[in-house]
Asks: 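Got a structure for you, written out below as structure tokens; questions coming shortly.
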Amino acid sequence: SQQGEEDPQALSIQEGENATMNCSYKTSINNLQWYRQNSGRGLVHLILIRSNEREKHSGRLRVTLDTSKKSSSLLITASRAADTASYFCAIQETSGSRLTFGEGTQLTVNP
Amino acid sequence: SAVISQKPSRDICQRGTSLTIQCQVDSQVTMMFWYRQQPGQSLTLIATANQGSEATYESGFVIDKFPISRPNLTFSTLTVSNMSPEDSSIYLCSVGGTGRREAFFGQGTRLTVV
């Protein structure tokens, strides 16, 4: 399977702490994307990082990509209770055009 | 960007019946995607819907069970037919996510089959 694998499956932290989620994949990629899903609703795009990029920032989000290790991480700094959600990575393979989603990390931020 | 209106947002259905889910996009798009998300799991692509042609189904999904319509470039429906409790899932429509762009999702339909 080319599906991304995420860890941890679940993460519980206190408000103000940082949250780090990891995604690993098996094939070459065009880009890797991170999405957020609140309570089983639609997914919302957070950030896209291309295969030739190593790091991107967006507000409190920081994404890194290591193509040699076929892995990516999403860091949420200074977390808030409102960050509680499921986070999914999705890869777009070089040879194809569809997104393949990882298993997701359920993040709980306790007030 | 794209705004997708998906309905119904949730439904509870009797086994053996069918449910049709609708997705309306605020702009014309070539491809629309339908996903299933079983409880606590990731998204699995059901099919890709192209306007003017038959939908392309992924392995494990068949047209008789999940017929799809795509009458124009802004609208699509997915029907879940002859439902069983195993069909209880969240169903999501999506556009984009091809090329080097992000995907946009509808709000999802939470289906419970009893």
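Residue numbering restarts at 1 for every chain, and letters A, B, ... go by the order of the sequence lines. What's counted below: heavy atoms across the whole structure, side chains too, no hydrogens, waters or symmetry copies.
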Asks: Pick from B/Gly108, B/Gly40, B/Ala103, B/Gly96: which one has the most heavy-atom pairs with chain A under 4.5 Å?
Replies: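 Winner by heavy-atom pair count: B/Ala103.
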
Asks: Give me each pair satisfying disulfide bond (SG atoms under 2.5 Å apart) with a member in residues 1-41 of chain B, each pair once, sequence neighbours excluded.
Replies: B/Cys23-B/Cys93

Asks: Given a strict heavy-atom distance threshold of 4.5 Å, which part of B/Thr109 is in contact with chain A: side chain, backbone, both, or neither?
Replies: neither

Asks: Ignoring hydrogens and angles, write down the donor-acceptor pairs under 3.5 Å from the side chains of residues 8-15 of chain A, residues two or more places apart or on other chains.
Replies:
| unit_1 | atom_1 | unit_2 | atom_2 | d |
| --- | --- | --- | --- | --- |
| A/Ser12 | OG | A/Asn110 | ND2 | 3.0 |
| A/Glu15 | OE2 | A/Ala81 | N | 3.0 |

Asks: Checking heavy atoms, do the side chain of A/Gln106, its backbone, both or neither come under 4.5 Å from chain B?
Replies: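 No part of A/Gln106 comes within 4.5 Å of chain B.
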
Asks: With a 4.5 angstrom heavy-atom cut-off, which part of B/Phe104 approaches chain A: side chain, backbone, both or neither?
Replies: neither

Asks: What is the minimum heavy-atom distance between A/Gln92 and A/Leu99, and which atoms define it?
Replies: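 Nearest heavy atoms, A/Gln92 then A/Leu99: CB-CD2, 4.0 Å.
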
Asks: So what's closer than 4.5 Å to chain A heavy atoms on B/Ile4: side chain, backbone, both or neither?
Replies: neither

Asks: Side chain, backbone, both or neither: which part of B/Gln37 has a heavy atom under 4.5 Å from chain A?
Replies: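 Side chain only.
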
Asks: Are B/Lys65 and B/Asp87 ion-paired here, with the side-chain N under 4.0 Å from a carboxylate O?
Replies: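 Salt bridge between B/Lys65 and B/Asp87, a charged N being under 4.0 Å from a carboxylate O: yes.
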
Asks: Side chains of B/Thr79 and B/Phe66, heavy atoms from C-beta outward: is any pair under 4.5 Å?
Replies: no

